[in-house]
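Here's the structure we're looking at; comments come further down.
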2 protein chains.
Amino acid sequence: MKRKITLKQIARELDVSISTVSKALKDSKEISKDTRQKIQAFAKLYNYRPNNIALSLKNRKTKTIGVIIPEIVHHFFAKVISGIEQVANARGYNVIIGLSNESFDKEVINIETLVNGSIDGFIMSVAKETLQQQDYHHLIETINQGIPIVMFDRVVNDILCDKIIVDDTEGAKAAVNRLIESGCKRILLLTTKDYVNVGKLRTLGYIEALHEHKIEADPQLIIKAKDTHSSDKEIDSLEREIEKTFEKNNDIDGVFAVNELYAVTAMKVARKKGIKIPEDLQVVSFSDGVLSKHSFPSLTTVDQHGTEIGETAANLLIDKLDEIEDEESFTTKIIKTSLIERDSTK
Amino acid sequence: MKRKITLKQIARELDVSISTVSKALKDSKEISKDTRQKIQAFAKLYNYRPNNIALSLKNRKTKTIGVIIPEIVHHFFAKVISGIEQVANARGYNVIIGLSNESFDKEVINIETLVNGSIDGFIMSVAKETLQQQDYHHLIETINQGIPIVMFDRVVNDILCDKIIVDDTEGAKAAVNRLIESGCKRILLLTTKDYVNVGKLRTLGYIEALHEHKIEADPQLIIKAKDTHSSDKEIDSLEREIEKTFEKNNDIDGVFAVNELYAVTAMKVARKKGIKIPEDLQVVSFSDGVLSKHSFPSLTTVDQHGTEIGETAANLLIDKLDEIEDEESFTTKIIKTSLIERDSTK
DNA sequence: TTGTAGGCGTTATCAA
DNA sequence: TTGATAACGCCTACAA
């Protein structure tokens with residue numbers, strides 16, 4: 001077991017000074033060709049690589065970015081990470097991940113432990129609990145310390161930083177329009193509680209689409225799932241609610257769900273009740289998932305382009321870190337969604 | 001924008017030496033109660049936190065572990081990461097992730113950039129390409145440098161290190177047994193090429209189960225998908241192969257798939273052909289996914305317990321790093337699978 | 001052309 | 001009780 005070799009060791013072995021070695025390895029012309037070659041050959045032989053930690057300490061840059069997300073067992077977030085990682089790696093950065101599990105405390109702890117030198121900047125999607133409590137001191141403090149944050153998806157409007165958002169409202173509107181255009185008149189909305197920004201925005205899109213087509217929104221047709229984690233229990237309870245709503249409103253001919261799990265749950269209810277999709281009921285959902293593609297029938301969905309979001313976020317952050325971008329200007333980028341037509345619509 | 005405060009600055013402000021500050025913040029009795037309190041109060045006020053990078057350099061420990069996996073947009077790997085992250089955080093470690101995208105080169109690069117001081121140890125699942133080429137020099141070198149590796153799922157037997165494996169063969173056997181017990185006689189196997197270890201082992205389990213029940217394995221009923229990434233195209237081609245096989249063998253009454261995507265693909269073919277599940281055809285798959293739970297019919301699957309694998313791997317690695325475990329002994333832990341019964345079996 | 005010295009932030013040892 | 005010094009590994013301005 002041989003430890004990694006250091007400049008010091010090379011210097012000792014070759015009987016030169018540390019700085020000579022350092023310069024020689026940078027191919028500096030200060031050093032004679034002879035010694036340069038000798039040192040380079042030796043370094044190569046022993047597979048010398050500069051120690052990242054020492055570099056970080058010296059340069060006050062770690063070349064790593066911290067990614068804080070609510071959960072990772074989730075197709076959308078996994079895609080975003082994948083996009084971040086790709087860009088980060090290509091631009092010489094590493095990626096540390098921290099999971100908040102939607103908990104405020106875990107989010108704070110994660111950020112605090114990384115802030116102390118481990119990372120140069122953050123990319124994050126805010127935990128539901130944080131949004132609910134509206135306590136953003138940890139975010140404000142890191143920004144005040146000169147550590148840039150790029151928020152995506154779950155964004156806090158009050159905080160001044162770069163943001164990548166999905167055009168949730170537009171996407172939802174397009175989805176609902178799609179339903180209306182193929183004949184739906186009574187469209188059930190499956191959404192989240194309002195404090196989840198994206199749920200709220202998608203709800204807004206639903207309302208707007210109806211409005212544009214002079215259809216009045218019926219409160220009876222809006223179900224706000226009381227979920228926090230999409231756990232089995234919560235989905236079961238949603239299922240019962242959907243069932244009840246179908247029973248009370250047997251004229252429902254469309255469903256718009258803010259995520260694919262809700263959509264699949266609706267389809268399950270429909271199947272139980274013998275409602276044919278897409279003949280009697282059409283379904284569209286927001287999503288970025290495998291479920292949509294492989295459910296039966298496959299789901300028409302609003303694609304959020306998770307990978308692209310991740311890539312954009314990483315580029316934005318690294319531009320700032322590498323000082324390609326001005327430190328004091330903040331942009332909000334909107335990633336356009338697109339509708340993927342599958343078999344749950346006519 | 002106030003930069004993080006350092007010991008030096010505190011020392012200057014309070015007109016004491018750096019080492020006094022350092023000791024006082026550790027509540028060392030060497031320092032008088034008075035100065036201790038003064039310094040602690042000041043540090044608290046300015047929210048002092050030791051710089052991780054400096055600590056890493058000093059201690060030659062980074063308190064972070066590198067996780068190298070083939071992909072992250074994959075339920076199983078996401079679960080494993082989730083398990084790793086949980087344990088790591090609880091034990092004071094951070095997690096850096098690197099994605100190989102199943103590519104040998106990316107795996108090598110990822111490991112090499114992290115080896116230079118950024119991490120204390122690795123948890124990894126080997127890329128398919130690496131397994132195919134059987135070139136493990138990067139792994140051997142890191143181990144030789146005293147950096148421990150814990151492998152999971154896709155494991156290299158020839159390399160001496162800790163390993164966490166799923167009892168693939170047993171799990172597959174249990175799955176196939178389940179099919180046989182509920183009456184299946186002609187069971188189609190959907191698997192991968194042999195160089196993917198887990199595919200091979202699961203295939204073995206299939207063979208063993210048949211053998212135990214004195215059913216002869218029919219090569220016609222074994223489809224080895226020529227996939228590397230489960231891309232759409234590859235799945236389409238698998239679909240056609242399954243279709244052909246069904247046409248040639250109309251007595252198939254069971255399917256065992258080594259992953260849920262293959263299983264869902266088989267169910268799709270069955271649906272097209274009007275084959276009823278589970279009445280005419282029963283399906284079981286290996287998996288750790290959302291698909292199984294929400295497909296129609298929901299799939300009976302072999303649960304791999306991804307989170308537990310991640311937790312076990314992290315504990316094993318950290319035990320070694322924190323020297324709770326002997327550095328020179330290597331264990332291979334087997335995580336038992338369990339069968340989750342759903343609607344695709346009788 | 002090569003080497004010395006100081007510093008990045010911290011801790012530990014030893015001296016005052 | 002406090003402080004100076006060296007060290008972790010690297011880089012660089014400056015001196016020789």
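Note that these values count all heavy atoms, side chains included, but never hydrogens, waters or copies made by symmetry. Throughout, a chain's letter reflects where its sequence line sits, starting with A, and its residues are numbered from 1. Since the structure is predicted, the reported quantities are computational estimates derived from the model, not experimental observations.
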For nucleotides 9-16 of chain C, read 5' to 3', which letter fits each nucleotide if B means a protein heavy atom sits under 4.0 Å from the base, S means only the sugar-phosphate is that close, and - means neither?
BBBBBB--
I need the [atom1]-[atom2] distance between [X] and [N], as an integer number of Å.
X: Ile31(A); N: dG3(C); atom1: CD1; atom2: P; value: 8 Å
X: Arg12(B); N: dT2(D); atom1: CZ; atom2: C1'; value: 19 Å
X: Gln37(B); N: dT2(D); atom1: CD; atom2: P; value: 12 Å
X: Leu25(A); N: dT2(C); atom1: CG; atom2: C1'; value: 15 Å
X: Leu14(A); N: dT1(C); atom1: CG; atom2: P; value: 18 Å
X: Asn116(B); N: dC8(D); atom1: CG; atom2: P; value: 18 Å
X: Lys29(B); N: dT1(D); atom1: NZ; atom2: P; value: 11 Å
X: Ile39(A); N: dG3(C); atom1: CD1; atom2: P; value: 8 Å

Which value, rounded to the nearest 0.5 Å, describes the distance between Thr142(A) atom OG1 and Ile111(A) atom CD1?
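It is 5.5 Å, given to the nearest 0.5 Å.
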If the cut-off is 4.0 Å, is Ser17(A) near the phosphate of dG3(C), judged by side-chain N/O to OP1 or OP2?
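Ser17(A) to dG3(C) OP1/OP2: side-chain N or O found under 4.0 Å.
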Considering just the side-chain nitrogens and oxygens of Thr20(B), establish if one lies under 4.0 Å of OP1 or OP2 belonging to dT1(D).
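Answer is no, no contact under 4.0 Å.
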Side-chain contact, heavy-atom cut-off 4.5 Å: Gln134(A) with Tyr136(A)?
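Yes. Closest side-chain heavy atoms under 4.5 Å.
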For Asp34(A), enumerate each residue passing the salt bridge (Lys or Arg N to Asp or Glu O under 4.0 Å) test, keeping only those at least two apart in sequence or located in another chain.
none
Describe the nucleic acid contact of Thr35(B) in one word from base, sugar-phosphate, nothing, applying a heavy-atom distance below 4.0 Å.
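Touches sugar-phosphate only.
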Between the side chains of [Y] and [X], is the shortest nitrogen-to-carboxylate-oxygen separation below 4.0 Å, so that they form an ion pair?
X: Asp322(B); Y: Lys61(B); result: no
X: Lys320(B); Y: Asp120(B); result: no
X: Lys128(A); Y: Glu71(A); result: no

Are there over 12 heavy-atom neighbours, none belonging to Lys333(A), within less than 6.0 Å of that residue's NZ?
no
